[in-house]
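Read through the structure below, which is laid out as structure tokens, and then see the notes.
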2 protein chains.
Amino acid sequence: MSNTDDTPIRTPLTLEDGVDFAIIEHLFFAYRDFTADPDAILERYGFGRAHHRVLHFVNRRPGLTVAELLDVLRITKQSLARVLKQLVDSGYIVQLQGPRDRRQRELYPTRKGRDLARDLSLPQSRRIHAALQEAQLKDSALIERFLRAMVNPELRAQMDKLPNGRPD
Amino acid sequence: MSNTDDTPIRTPLTLEDGVDFAIIEHLFFAYRDFTADPDAILERYGFGRAHHRVLHFVNRRPGLTVAELLDVLRITKQSLARVLKQLVDSGYIVQLQGPRDRRQRELYPTRKGRDLARDLSLPQSRRIHAALQEAQLKDSALIERFLRAMVNPELRAQMDKLPNGRPD
DNA sequence: GAAAATATGTCAACAAGACTGACATAAATT
DNA sequence: AATTTATGTCAGTCTTGTTGACATATTTTC
């Protein structure tokens with residue numbers, strides 16, 4: 001081949017190129033530190049971020065089924081099965097047979113699961129409150145509206161299924 | 001053992017528990033869709049998100065050294081080496097011997113690398129602009145301030161090394 | 001100038017968490 | 001009775017992260 005031009009480009013890619021790098025990069029750094037807090041706690045339990053997500057949504061929507069959880073997380077059955085099994089085996093989540101449809105497994109947190117879920121979100125909540133204060137935002141509505149608008153419209157209905165959602 | 005209480009908890013974890021779930025969850029969904037755009041493009045090249053990050057920062061700070069890149073990405077030498085080698089081998093990045101310290105390798109994008117980097121950030125930038133509009137935010141300063149405040153203070157200096165940063 | 005420290009590259013091995021596709025079971029629906 | 005659905009499970013793959021050891025070239029220090 002060798003139809004490639006190896007000349008190094010020495011000027012940085014900037015705003016002039018029509019791209020909003022500031023927010024792109026801020027999101028990257030912010031999200032990394034945002035997830036670092038719970039990650040550190042999870043490590044002590046031998047869990048990872050995948051366990052956190054499962055535990056989180058089971059606590060936010062107790063009784064949701066495996067299919068619903070797959071829909072929220074957008075991962076495959078196999079990926080979920082692994083971490084869910086560990087959470088059930090170690091007593092953080094229980095599975096109950098669905099009352100109307102007995103094929104379904106409703107997922108509920110145990111006391112232990114509820115406590116861990118809360119502990120994991122506390123540092124994240126603290127970070128958010130501190131950031132709101134530092135950025136001198138009186139309420140979080142603006143940030144929430146922006147973040148919601150960043151989500152694909154088709155997926156916003158799912159966010160509304162969670163309790164304490166903004167009542168539109 | 002069996003000192004665990006298996007009783008299912010049927011009430012959802014809510015705001016009353018003192019945690020700001022709205023923003024926590026909005027961040028999760030927003031970041032997922034935000035990264036999905038470039039991921040789809042990268043797949044066509046046989047690259048992943050790791051390649052994107054490397055390519056991005058090399059384009060934003062042409063000439064940065066391997067050590068500096070490791071510092072920004074906070075991954076290990078080995079993790080970087082794999083993806084960097086692929087990017088160099090396929091002509092997206094070139095390595096030049098450092099002029100003062102010849103042990104260093106300065107990283108620069110090629111034309112091809114610059115173009116791909118821009119293509120990857122375009123959909124992200126479009127999503128951000130659309131979200132700002134939808135959330136009726138005249139400018140992005142508020143969002144930027146909030147996201148910056150979400151980052152650990154020690155790491156903010158690194159963000160300032162990127163071009164077109166807010167001049168504080 | 002010799003010794004030590006530094007920047008980078010590379011090797012082998014491992015782990016988490018995503019994926020696919022196939023197949024099994026029980027229960028509900030047609 | 002046949003089909004579809006919800007879930008579980010098996011085997012195998014891929015990406016991207018990890019560790020620790022070691023090699024090389026170069027710079028810095030004594």
Pairwise N/O distances under 3.5 Å, protein to nucleotides 27-30 of chain C:
residue, atom, partner, partner atom, Å
C/dA28, OP1, A/Arg102, N, 3.2
C/dA28, OP2, A/Arg102, NH2, 3.3

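- Salt-bridge annotation for A/Arg60 and B/Glu25: present, with a side-chain N of the basic residue lying under 4.0 Å from a carboxylate O of the acidic one.
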**Stepwise salt bridge (Lys or Arg N to Asp or Glu O under 4.0 Å) test for A/Glu68 and A/Lys161** = CA-CA 11 Å; A/Glu68 287 171 331; A/Lys161 288 187 191 158; over 6 Å; no
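- Between A/Glu43 atom CD and C/dA15 atom C1' the separation is 12 Å, expressed in whole Å.
- Note on B/Glu68: nothing from the nucleic acid sits closer than 4.0 angstrom, heavy atoms only.
- Between the C1' atom of D/dT5 and the CG atom of A/Asp71 lies a distance of 15 Å, rounded to the nearest Å.
- Here D/dT7 presents its P atom at 10 Å from CG of A/Leu64, a figure rounded to the nearest Å.
- One can place CG of A/Leu73 at 10 Å from P of C/dC19, the figure rounded to the nearest angstrom.
- Residues satisfying the side chain to side chain donor-acceptor pair (under 3.5 Å) criterion with B/Glu106, sequence neighbours excluded, are B/Tyr108.
- The nearest whole Å value for the distance from the CD atom in B/Gln104 to the P atom in C/dG9 is 11 Å.
- In this structure, the CZ atom of A/Arg105 is 15 Å from the P atom of C/dT25, given to the nearest Å.
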**Asked** Would B/Asn152 and A/Arg32 satisfy side-chain hydrogen bond (donor to acceptor under 3.5 Å, both in side chains), going step by step from the backbone distance to the final call?
**Response** CA-CA 10 Å; B/Asn152 290 349; A/Arg32 189 171 62 177; over 6 Å; no
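- When ring centroids are compared, A/Tyr45 and A/His51 stay outside the 6.0 Å threshold.
- Side-chain atoms of A/Arg103 never come within 3.5 Å of backbone atoms of A/Gly98 as a donor-acceptor pair (strictly under, hydrogens ignored).
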**Request:** Let me have a per-nucleotide readout for nucleotides 16-23 of chain D, 5' to 3', with B, S or -, counting only protein heavy atoms under 4.0 Å.
**Result:** BBBBB---
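- Taking atom CG of A/Asp39 as the reference point, atom P of C/dA15 lies 19 Å away to the nearest angstrom.
- One atom, CG of B/Leu70, and another, C1' of C/dT6, lie 14 Å apart when rounded to the nearest Å.
- A salt bridge links A/Asp160 and A/Arg148; the closest N-O separation between the charged side-chain nitrogens and carboxylate oxygens is under 4.0 Å.
- Remark: side-chain polar atoms of A/Asn59 are not paired, donor with acceptor, to backbone N or O of B/Leu13 under 3.5 angstrom.
- At least one donor-acceptor pair under 3.5 Å links the side chain of B/Lys112 to the backbone N or O of B/Ser90.
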